[in-house]
Amino acid sequence: MIEAVIFDLDGVIVDTAHYHYIAWKRLASEFGITLTLQHNELLKGVSRMRSLEIVLELGNIQLPEAEKEALADKKNKWFIEYIESIRPEEIFAGVPAMLANCRKQQLKVALASSSKNAPRVIELLGVANLFDTMVDGTMITHSKPDPEIFLLAAKKLNVTPAKCLVFEDAEAGVEAALAAGMKCVGVGSPEQLGKANIIVKQTADFDLNSLDKI
Ligand code: B16
Ligand code: MG
């Protein structure tokens, strides 16, 4: 019996991947690397530092830790500039109604995003009041596929992991949810998210009335 629903942010609630992409592309170009949309798929759901390492690996570039920190900060400053233009209209269709319906069905609702910028994005989207709790990248030490982020969300909601349902668009996120002992709805393609308990094309395609069938 599901008592809580936990949402990832990027790819589940809004497409921040686009803003990450243009910021990483800008940084990559400084090293003569052409970052493509296909490369960008590798950056989804993974931490900022891991994303930087993936970008640098494309150009066979190795840098000392301090330089990598500075580059990650530089990319993040651009990302923060870009996301300031996010408006509530960018939230995926049907998601605000779905969050409100979770409340009506007395399900607890959490956000669990690897992004350290997640609180600002949620504020810009105007939906902070629809979550009971939020866990972001500043509160964890291990990134997805480690289950830490989802276990912390469940703890904050005071619900046992087996009674939590996670919505995830990234393979690493699906693995993290299952490793936490939770059920998972994969948002995206079956080829990529085959391990999820159920797969939908878009977040709001999931019917909250079918919770007991999972
Ligand atoms: P930041 P999610 C993830 O968000 C993104 O998918 C991933 O591309 C990004 O590197 C990560 O957040 C960290 O973001 O640099 O803002 O801390 O899918 O977990 O909501
Ligand atoms: Mg995601």
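- With E175 contributing its side chain and P145 its backbone, the two residues share no donor-acceptor pair below 3.5 Å.
- Remark: the backbone N or O of T133 is not paired with any side-chain donor or acceptor of K156 at under 3.5 angstrom.
- What you find for V187 and G11 is that their closest heavy atoms are CG1-O, 4.0 Å.
- Residue A23 comes nearest to F79 through the heavy atom pair CB-N, 4.1 Å, listed as atom of the first residue, atom of the second, then distance.
- Between F7 and F131, the ring planes lie perpendicular to each other; the angle is over 60°, past the 30° to 60° tilted range.
- Considering only heavy atoms from C-beta on, L165 comes within 4.5 Å of F206 through its side chain.
- Contact check for K213 versus I198: no side-chain heavy atoms found under the 4.5 Å cut-off.
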Dump the intermediate steps for side-chain contact (heavy atoms from CB on, under 4.5 Å) on D15 and F92, then the final yes or no. CA-CA 8 Å; D15 180 21; F92 291 153; 3.9 Å; yes

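- V166 has its side chain out of reach of L178: every pair of non-hydrogen atoms, C-beta onward, lies at least 4.5 Å apart.
- The only option from L43, N40, L35 that meets the side chain to side chain contact (heavy atoms under 4.5 Å, CB included) definition with I54 turns out to be L43.
- Using a 4.5 Å heavy-atom threshold, the side chains of L9 and M134 count as separate.
- Between A118 and L111 the shortest heavy-atom distance is CB-CD2, 4.1 Å.
- V185 pairs with exactly one of D205, V174, V5, I214 by the side chain to side chain contact (heavy atoms under 4.5 Å, CB included) rule, that one being I214.
- The side-chain heavy atoms of T34 and K25, taken from C-beta on, include a pair separated by under 4.5 Å.
- Residue Q105 qualifies as enclosed at atom CD: its count of foreign heavy atoms under 6.0 Å is above 12.
- Side-chain contact between F150 and C164 is absent, with no heavy-atom pair separated by less than 4.5 Å.
- M49 has its side chain within reach of E69: a pair of non-hydrogen atoms, C-beta onward, lies under 4.5 Å apart.
- A salt bridge does not link K44 with E168: every distance from a Lys NZ or Arg NE/NH1/NH2 to an Asp or Glu carboxylate oxygen is 4.0 Å or more.
- Counting heavy atoms from C-beta on, the side chains of K75 and L52 never come closer than 4.5 Å.
- Judged by distance alone, with hydrogens and angles left aside, the side-chain atoms of Y21 form no donor-acceptor pair with the main-chain N or O of H39 at under 3.5 Å.
- Classification of D132 and R103 as a salt-bridged pair holds, one side-chain N sitting under 4.0 Å from a carboxylate O.
- Nearest heavy-atom pair, V127 versus I91, reported as atom, atom and distance to 0.1 Å: CG1-CD1, 3.8 Å.
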Start with the C-alpha gap between L107 and L211, add the side-chain angles, then the distance that decides, and say whether side-chain contact (heavy atoms from CB on, under 4.5 Å) holds. CA-CA 11 Å; L107 292 162; L211 276 180; 3.6 Å; yes

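- In K68, the NZ atom is crowded: over 12 heavy atoms of neighbouring residues, nucleotides or ligands sit closer than 6.0 Å.
- Between L193 and I199, the shortest heavy-atom contact is O-CD1, 3.4 Å.
- Using a cutoff of 4.0 Å between basic side-chain nitrogens and carboxylate oxygens, E53 and R50 are scored as salt-bridged.
- Environment of CD in E30: crowded, with over 12 heavy atoms of neighbouring residues, nucleotides or ligands closer than 6.0 Å.
- Counting all heavy atoms, side chain and backbone alike, K195 lies closest to E171 at NZ-OE2, 4.3 Å.
- Here the CD1 atom belonging to I13 is positioned 10.0 Å from the CE atom belonging to M98, to the nearest 0.5 angstrom.
- The main-chain N or O of V14 is never found under 3.5 Å from a side-chain atom of E90 such that the two would form a donor-acceptor pair.
- Other residues, nucleotides and ligands contribute only 12 or fewer heavy atoms inside 6.0 Å of the CG atom of N158.
- With sequence neighbours left out, E84 forms a side chain to side chain donor-acceptor pair (under 3.5 Å) with R120.
- L151 CG to T160 OG1: the interatomic distance, rounded to the nearest 0.5 Å, is 11.0 Å.
- A donor-acceptor contact shorter than 3.5 Å links the side chain of D10 to the backbone of A17.
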